[in-house]
> 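This is the structure, below, for whatever I ask next.
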Amino acid sequence: MNAFWIILTGSLVATCCSLLGCFLILRRMAMVGDAISHAVLPGIVIAFMFTGSRDTVPMLIGAGLLGVLTTFLIEFFHRFARVQADAAIGVTFTWLFAIGIILISVFAGQVDLDQDCVLYGEIAYVPLDLIITEGGLSLGPRTVWMLAVVTLLIGAFVVLGYKELFLTTFDPAFAAAIGISTTLWYYLLMGAVSLTTVASFESVGAILVVAFLVAPPATAYLLTDDFKSMLGLSVLLGIIASFAGYYLAVWLDGSIAGAIATVTGIEFLLAFLFSPTHGKLRSQKRVQTISH
Amino acid sequence: MQDFIEFFSFTDANIRYVTLGSVLLAASSAVVGCFTLLRKRALVGDAVAHSVLPGVCLAFMLSGTKNPFILLIGAFVTGWLSLLVIDYITSRSRVKEDTAIGLVLSVFFGIGILMLTAIQQTGNAAQSGLDKFLFGSAASLIGEDLIAFGVVAVLLLVAVVVFYKELTLLCFDQAYARTIGFPVRGLELLLTTLTVFAVVVGIQAVGVVLMAAMLITPAAAARFWTENLKVMLVLAALIGAFSGIAGAFVSYTAPSMPTGPWIVLIVSMIAILSFALAPGRGWVARIMRQRRNKTRILEENLLKLLYQLGELRQDYGSARSLEELLERRNIPKKEALTGLRKLRRQGYLQKVESRWLLTPEGEKRGRRVVRLHRLWELYLTQYLNLASDHVHEDAETIEHIITPELEQRLIEELNYPDLDPHSARIP
């Protein structure tokens, strides 16, 4: 049963992250996703301090705000202070992450969070924190419920806002011309990324969020030219990685988040080599057949 | 205060180690960071920092010891590999660079975490302390580590000094470097190697995640204070070194405080202050400059209006009311009044019974603006063959910018003209 809950958690995180990741990598904003996933840390710690508990809602709000603040700071440094784009990202997220770590050290007594957990989460503990009704009936882990809600929200966001997200990603000028606010959808997308990051943070840690945001979409990008199939494929690849990663971790007796990230990398490697349209080996073979 | 004196007397050998270590680590990575920043590849350092972890774990698994040199070699191998993989993915597939960086960073780090946790589960007592690579601990630097990393840091600085010219060329004009026969590929490898070394060394102080800050932040801060690369390198090193000392001091006074995050926090605050306050490139300086330009344009427009009114009525000696001015040009009333008052304080205008009169200086300045405007209109029609009804807007802007030298050139170029394209006299 534990395995089921852990894999389900991983799959839910994979679904949210992969969907949003597709938009991020096509907007060349993969590193902004990386930055947000690190920078929400102080938000989580501050929410902990205020409520003194691991309540989900304040945490989501605190860290969500920090996520949007990160995006805003990067934009601000880049546009108003004219810091070059990559440096703006690097300065912002390391700064906020450092503040987060310092806050954890300052309130070490009161905050039930340790540094390692921040990086690679505690997905193995997900099945331990159950919601139990008064009648003693177990409804399953709290994290799974929270992630399910977030996944539904993100799914609804992508489906309902599909046209706007698609246009602002591929042709911002046209989108602006037909009256879609690129700024609004930019911040909505970043808000969604923050929400996902925060919801996934506790269970899988910053690193798996980045892996899911970047690796399955990049893999799907090598496998298809159609954007809708890319969305579907990357979700599928994320879920497969959760399965395989869990069993890899059990076999090696190591971190589940680390193992899942490893598997997403292997998936990318396979696609890179064998993709029917963009793979290295396939395209070499194609060149050879032509030269015969 | 007593802590302060105790710390800076450096009598305690441990303090000496920690401070020296932090300074060397921070300064050497800051110097290398300048070059990666200028090549617009700042985030690559982040990827290298994360990719070092599997190498460290692998080196430990193979050797079974925590000898710093062996761990360094392991770190070096995977750090290097990560850069090659990023380059390979970017050049051989349609995946973009930022995606490749994110991918390599998270996957290598994931592998590292998997290995680290697997090692920890084996119960091998020697492994404790490996996880200090995650968050770094400058405070626990001791003799052996310090010698190893100090040597690398010094080597880095020497390499930068020796190859200064080549690296500069690589950052600023790669095409030129190739043309004059520099081994560009080799230099790229050199810079890559330096980056990896800097990361491997710096990671001891601040850990995997924050290593990116040690490369990017001091360089980004220094960039705001100077246009000269040599000055920038020295400045970045100083900023890095200062943060190193400050971080070591904080963790000395409060031992529960992590050194790495404090170093990063301090260096980030310096950077953010630089972004805001640096003269010339800083945000505040630029806003001030914009505002100054705006008032100058407003003032010159007002003087121009008064002069034009005088020209129209063939009478420069009588005062005009504000309404007369605003009739000819749409300026918000309040703004116009402030501008007029300021001009009076500067001696360009006189106020006569709530009307405004040009002083001789004011007339001179107003005449100059009108002259520049008409000269430019003439220049555009004569040399660019623009229609005479298209040139006004352009001249409106440039009349505030042309310098006296340029004015002289224009007059010579146009052969001392009398009339502009609208047949108005050029004063």
Side-chain angles (χ1 to χ4, degrees), chain A residues 25 28-34 38 77 80-91 93-95 97-102 105-106 108 115-116 119-120 206-208 210-215 217-218 221-222 248-249 252-255 257-262 264-266 268 272 278 280, chain B residues 37 40-43 45-46 50 89 92-103 105-118 121 131 134-135 208-210 212-213 215-217 219-220 223-224 256-258 260-265 268-269 271-272 275-276 281-283 286:
Chain A
I25 72 161
R28 307 202 177 182
M29 286 174 53
M31 291 313 285
V32 179
D34 176 51
H38 285 86
F77 285 155
F80 291 97
R82 307 270 172 90
V83 184
Q84 70 189 52
D86 53 352
I89 295 176
V91 171
F93 90 84
T94 51
W95 175 48
F97 193 77
I99 293 179
I101 299 279
I102 289 172
S105 309
V106 173
Q115 298 182 345
D116 298 358
L119 282 184
Y120 50 93
I207 213 61
L208 188 53
V210 185
F212 274 147
L213 277 175
V214 179
Y221 185 54
L222 290 179
L248 178 66
L252 290 174
D253 197 10
S255 151
I260 296 177
T262 309
T264 59
I266 297 172
F268 180 83
F272 188 76
H278 300 282
K280 279 273 73 61
Chain B
L37 182 92
K40 306 252 164 13
R41 303 195 68 191
L43 288 171
D46 193 24
H50 283 77
I89 291 177
R92 299 296 167 86
S93 79
R94 59 177 185 162
V95 173
K96 308 294 180 298
E97 190 180 29
D98 66 317
T99 310
I101 293 177
L103 183 85
L105 171 158
S106 54
V107 171
F108 272 63
F109 191 66
I111 297 172
I113 289 291
L114 183 61
M115 290 163 86
L116 182 66
T117 43
Q121 295 297 332
D131 57 348
L134 286 178
F135 290 95
V208 165
V209 181
L210 295 177
L215 284 169
I216 302 171
T217 314
R223 180 72 191 88
F224 269 73
S256 67
M257 282 292 158
W262 272 102
I263 297 180
V264 173
L265 183 67
S268 303
M269 295 323 286
I272 290 167
F275 298 164
R281 293 172 63 92
W283 181 54
R286 195 166 37 244

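Note that this is a predicted model, so its numbers are computed, not measured. Convention: sequence-line order gives letters A, B, ...; per-chain numbering from 1.
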> How would you list, by chain and number, every residue that makes a salt bridge (Lys or Arg N to Asp or Glu O under 4.0 Å) with B/R281, sequence neighbours excluded?
B/E227
> Give the minimum heavy-atom separation between A/G90 and B/I216, together with the two atoms involved.
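In this case the closest contact between A/G90 and B/I216 is CA-CD1, 3.8 Å.
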> About how many Å separate CG of A/L248 and CG of B/L114, when rounded to the nearest 0.5 Å?
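CG of A/L248 is found 5.5 Å from CG of B/L114.
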> For B/K40, is it the side chain, the backbone, both, or neither that has a heavy atom closer than 4.5 Å to a heavy atom of chain A?
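Both backbone and side chain.
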> Please round to the nearest 0.5 Å and tell me the distance separating atom CE of A/M29 and atom NZ of B/K96.
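The distance works out to 15.0 Å.
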> Less than 4.5 Å to any heavy atom of chain A: does that hold for the side chain of B/R94, its backbone, both, or neither?
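For B/R94, the contact with chain A is made by backbone and side chain together.
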> With a 4.5 Å limit on heavy-atom distance, are the side chains of A/W95 and B/M269 in contact?
yes
> Tell me, side chain or backbone of B/I272 under 4.5 Å from chain A's heavy atoms, or both, or neither?
side chain
> Hey, what do you get for CG (A/L208) to CD1 (B/I113), rounding to the nearest 0.5 Å?
11.0 Å
> Count the heavy-atom pairs under 4.5 Å between each of A/Y221, A/F212, A/F80 and chain B, then report the option with the highest count.
A/Y221
> Does A/R28 have more than 12 heavy atoms from other residues, nucleotides or ligands lying within 6.0 Å of its CZ?
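12 or below, so no.
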> Please list, chain by chain and in numerical order, all residues satisfying ring pair (Phe, Tyr, Trp, His ring centres under 6.0 Å) with B/F275, sequence neighbours excluded.
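Checked B/F275 against ring pair (Phe, Tyr, Trp, His ring centres under 6.0 Å); matches are A/F77, B/F224.
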> Can you confirm whether A/Q84 sits close enough to B/R223 that some side-chain heavy atom of one is under 4.5 Å from a side-chain heavy atom of the other?
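A/Q84 does not reach B/R223 side chain to side chain.
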> Can you tell which part of B/R41 gets under 4.5 Å to a heavy atom of chain A, answering side chain, backbone, both or neither?
backbone
> If you round to the nearest 0.5 Å, how far is CZ of A/F93 from CG of B/L210?
8.0 Å
> Between A/F268 and B/V107, is there a side-chain heavy-atom distance shorter than 4.5 Å?
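Side-chain contact under 4.5 Å: no.
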> Looking only at heavy atoms, which two atoms of A/A218 and B/V95 are closest? And how far apart?
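Scanning both residues completely, I find the closest heavy atoms to be O-CG2, 4.4 Å.
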> For a quick test of reading the model, state the closest non-hydrogen atom pair linking A/F272 to B/S93 and the distance between them.
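It is CE1-CB, 3.5 Å.
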> Looking at B/A220, B/A219, B/A213, which has the largest count of heavy-atom pairs under 4.5 Å with chain A?
B/A213
> What's the separation between atom CG in B/L265 and atom CD1 in A/I101, rounded to the nearest 0.5 Å?
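With rounding to 0.5 Å, CG (B/L265) is 12.0 Å from CD1 (A/I101).
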> A side-chain contact here means heavy atoms from C-beta on lying under 4.5 Å apart; do A/D34 and B/I101 qualify?
no
> What are the two closest heavy atoms between B/T117 and A/S255, and how far apart are they?
OG1-N, 2.6 Å
> Looking at every non-hydrogen atom in both residues, tell me the closest pair between A/A211 and B/S106 and how far apart they are.
CA-OG, 3.3 Å
> Might you point out which heavy atoms bring A/I25 and B/T99 nearest each other, and give the distance in Å?
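Looks like CB-OG1, 3.5 Å.
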> Checking heavy atoms, do the side chain of A/I260, its backbone, both or neither come under 4.5 Å from chain B?
neither
> For the OG1 atom of A/T262 and the CZ atom of B/F109, what is their distance to the nearest 0.5 Å?
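If I round to the nearest 0.5 Å, the distance is 11.5 Å.
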